[in-house]
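Taking it in order: structure first as structure tokens, then the write-up.
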Protein chains: 2
Amino acid sequence: MNSDIIQNKGLKLTKHKLAILEAFKLHKHLDAHQINTILNKKGNVVSAATIYRVLASFEANGIIVRHNFKEDQAVYELADPSHHHDHLICTKCNKVIEFYNCQIEILQEEIAKKNKFEIINHHLNLYGICSDCKKTHPAGL
Amino acid sequence: MNSDIIQNKGLKLTKHKLAILEAFKLHKHLDAHQINTILNKKGNVVSAATIYRVLASFEANGIIVRHNFKEDQAVYELADPSHHHDHLICTKCNKVIEFYNCQIEILQEEIAKKNKFEIINHHLNLYGICSDCKKTHPAGL
DNA sequence: GTAATTGCAAACCGTTTGCACCCGA
DNA sequence: TCGGGTGCAAACGGTTTGCAATTAC
């Protein structure tokens, strides 16, 4: 249950937190502005400050994780430690596809070992054109 | 020659552009603020606006590439299309180590093909603790 | 000479924060 | 009740931009 996710972390259950969590169930990857739009459409008016505070709190409590797909805006998605994945991002339509490749993960560990690095985290973002956008602009225009 | 790099792109050669290019020869990865500091130390006072404009122009002309190691600040490095590489970033001391792994590149292409994606670009950032910082904080503190 | 470059200050945009009020447990 | 949550507006930090003066070619 969504309310459990929030309360299990010792956070107070509020209408806004629930609404934000529900937004992530419907749309995997969201930035603060998109969340605002979604909540507004549902008649849920929330100040930007609250959205940022809820996002920060959710991130600190491991409910969501932050990504930097866009260079100037934070994008979040629900955390799922048991299902790590990386992302393909379409630079035309901003579609995001998740993938997981075990071999790449292993190679990353080897690279870290070679460089005496202890990996804490990683981001692998593949930017490109998705099949839909290729159809729309077959010559790459 | 540094001046050639600038003029070959049809850009006007100026003292500031040269100084910024030289900064990149000494320090591989730089953000706007660091460039400002470096130039100031050399007695080269440059306005922030100019730095950003030069960076934008260099990037548009393929002289440098932008990275998003930090979530809230753009980091640039000299472009070198013939020597693609990815990065290990130490979250303690911000050290950046470059690496290249052919197998990972191949796997990425396979993933793209599977998803009917045409990759244009990618960022693989491995965040962790470098060996020096592990020594300083052996228990991870 | 002329278009590109620069400095300054103001604008911008995403995000954060101080403060007073509100509300969930 | 009371400490966390919220809205508002102001602040913040990195970046961009309008404009007038300067400079490379």
Side-chain angles (χ1 to χ4, degrees), chain A residues 1-23 29-40 42-61 63-76 94, chain B residues 1-23 29-40 42-61 63-76 94:
Chain A
M1 187 104 71
N2 285 349
S3 52
D4 293 339
I5 296 174
I6 296 169
Q7 294 184 308
N8 286 346
K9 300 290 183 178
L11 302 176
K12 264 190 194 170
L13 181 63
T14 67
K15 188 172 57 162
H16 294 337
K17 283 182 190 161
L18 255 184
I20 291 174
L21 200 47
E22 275 161 18
H29 305 93
L30 293 172
D31 60 42
H33 186 256
Q34 291 171 324
I35 291 171
N36 203 344
T37 305
I38 292 171
L39 298 201
N40 278 337
K42 295 194 175 175
N44 228 325
V45 178
V46 188
S47 73
T50 295
I51 291 176
Y52 284 109
R53 280 190 277 231
V54 170
L55 288 173
S57 154
F58 279 5
E59 190 188 8
N61 284 280
I63 297 174
I64 58 176
V65 293
R66 167 192 269 188
H67 288 288
N68 36 188
F69 300 148
K70 306 181 188 173
E71 303 205 311
D72 48 357
Q73 221 175 346
V75 175
Y76 295 85
N94 291 314
Chain B
M1 187 102 71
N2 284 351
S3 52
D4 292 339
I5 295 174
I6 295 168
Q7 294 184 307
N8 286 347
K9 299 290 182 179
L11 302 176
K12 268 189 190 170
L13 181 63
T14 67
K15 186 171 60 164
H16 294 336
K17 283 180 189 162
L18 255 183
I20 291 174
L21 199 48
E22 274 161 18
H29 306 93
L30 293 172
D31 60 42
H33 185 257
Q34 291 170 325
I35 291 171
N36 203 344
T37 304
I38 291 171
L39 298 202
N40 278 336
K42 294 194 178 176
N44 227 325
V45 178
V46 188
S47 74
T50 296
I51 291 176
Y52 284 109
R53 280 190 277 231
V54 170
L55 288 173
S57 153
F58 278 6
E59 190 189 9
N61 285 282
I63 297 174
I64 59 176
V65 293
R66 167 192 268 188
H67 289 287
N68 36 188
F69 300 148
K70 306 180 188 173
E71 303 205 311
D72 49 355
Q73 222 175 343
V75 174
Y76 295 85
N94 292 314

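Naming: A, B, ... by sequence-line order, numbering from 1 per chain. None of these values were measured; they are calculated from a predicted model.
For D/dG7, the OP1/OP2 oxygens have a side-chain nitrogen or oxygen of A/Ser47 closer than 4.0 Å. The shortest distance between the side-chain N/O atoms of B/Tyr52 and the OP1/OP2 oxygens of D/dT16 is not below 4.0 Å. Contact between the side-chain N/O atoms of B/Thr50 and the OP1/OP2 oxygens of C/dT5 is not found at any separation under 4.0 Å. Contact annotation: B/Gln7 does not reach the phosphate of D/dA24 (side-chain N/O to OP1 or OP2, under 4.0 Å). Residue A/Thr14 has a polar side-chain atom (N or O) positioned under 4.0 Å from OP1 or OP2 of D/dT6.
Take the nearest nucleotide of DNA chain D for A/Ala48 and for B/Ala48: the residue whose nucleotide is more 5' is A/Ala48. Each of B/Asp72 and A/Gly10 was assigned the nucleotide of DNA chain D with the nearest heavy atom; the assignment lying further toward the 5' end belongs to A/Gly10.
Candidate nucleotides D/dA24, C/dT17, D/dG14 were compared by shortest atom distance to the side chain of A/Ala49, and C/dT17 ranks first. Ranking C/dT5, D/dG5, C/dT6 by closeness to the B/His16 side chain, first place goes to C/dT6.
Considering CD of A/Gln34 and CD of A/Gln73, their distance stands at 7.0 Å, rounded to 0.5 Å. Rounding to the nearest 0.5 angstrom, the gap separating the NE2 atom in A/His67 from the CD atom in B/Glu71 is 10.5 Å. The distance from atom CG of A/Asn2 to atom CD1 of A/Ile20, rounded to the nearest 0.5 Å, is 12.5 Å. Atoms CD1 and OG, from B/Ile64 and B/Ser57 in turn, are 8.5 Å apart once rounded to the nearest 0.5 Å. The line from CD1 of B/Ile5 to CG of B/Leu18 is 9.5 Å long, rounded to the nearest 0.5 Å. Once rounded to the nearest 0.5 Å, the distance linking CD1 of A/Ile51 with OH of A/Tyr76 reads 11.5 Å.
Separating the CZ atom of A/Arg66 from the C1' atom of C/dG14 is a distance of 11 Å, rounded to the nearest angstrom. Between the P atom of D/dT22 and the NZ atom of B/Lys15 lies a distance of 14 Å, rounded to the nearest Å. The nearest whole Å value for the distance from the CG atom in B/Leu55 to the P atom in D/dG14 is 14 Å. One atom, CD of B/Glu59, and another, P of D/dT16, lie 10 Å apart when rounded to the nearest Å. Across the protein-nucleic acid pair, A/Asn61 atom CG and D/dG5 atom P stand 9 Å apart, rounded to whole Å. The distance between atom CG of B/Leu18 and atom C1' of C/dT6, rounded to the nearest whole Å, is 16 Å. B/Asp31 places its CG atom 8 Å from the P atom of D/dG14, with the value rounded to the nearest Å. Atom C1' of nucleotide C/dC13 and atom CG of A/Asn36 are separated by 14 Å, given to the nearest angstrom.
In terms of polar N and O atoms assigned as donor or acceptor, the side chain of A/Lys17 never comes within less than 3.5 Å of the base of D/dG5 in a complementary pairing. Remark: the A/Arg53 side chain and the D/dG4 base include no donor-acceptor N/O pair separated by less than 3.5 Å.
A side-chain donor-acceptor contact under 3.5 Å links B/Asp31 to the backbone of B/His33. Side chain of B/Lys17 to backbone of B/Lys12: a donor-acceptor contact under 3.5 angstrom is found.
Counting any heavy atom pair closer than 4.0 Å across all strands shown, B/Ala74 reaches sugar-phosphate atoms only and no base atom.
Rounded to 10 degrees, the angle separating the terminal axes of the helix from C/dG1-D/dC25 to C/dA25-D/dT1 is 30°, with each axis obtained from five end pairs.
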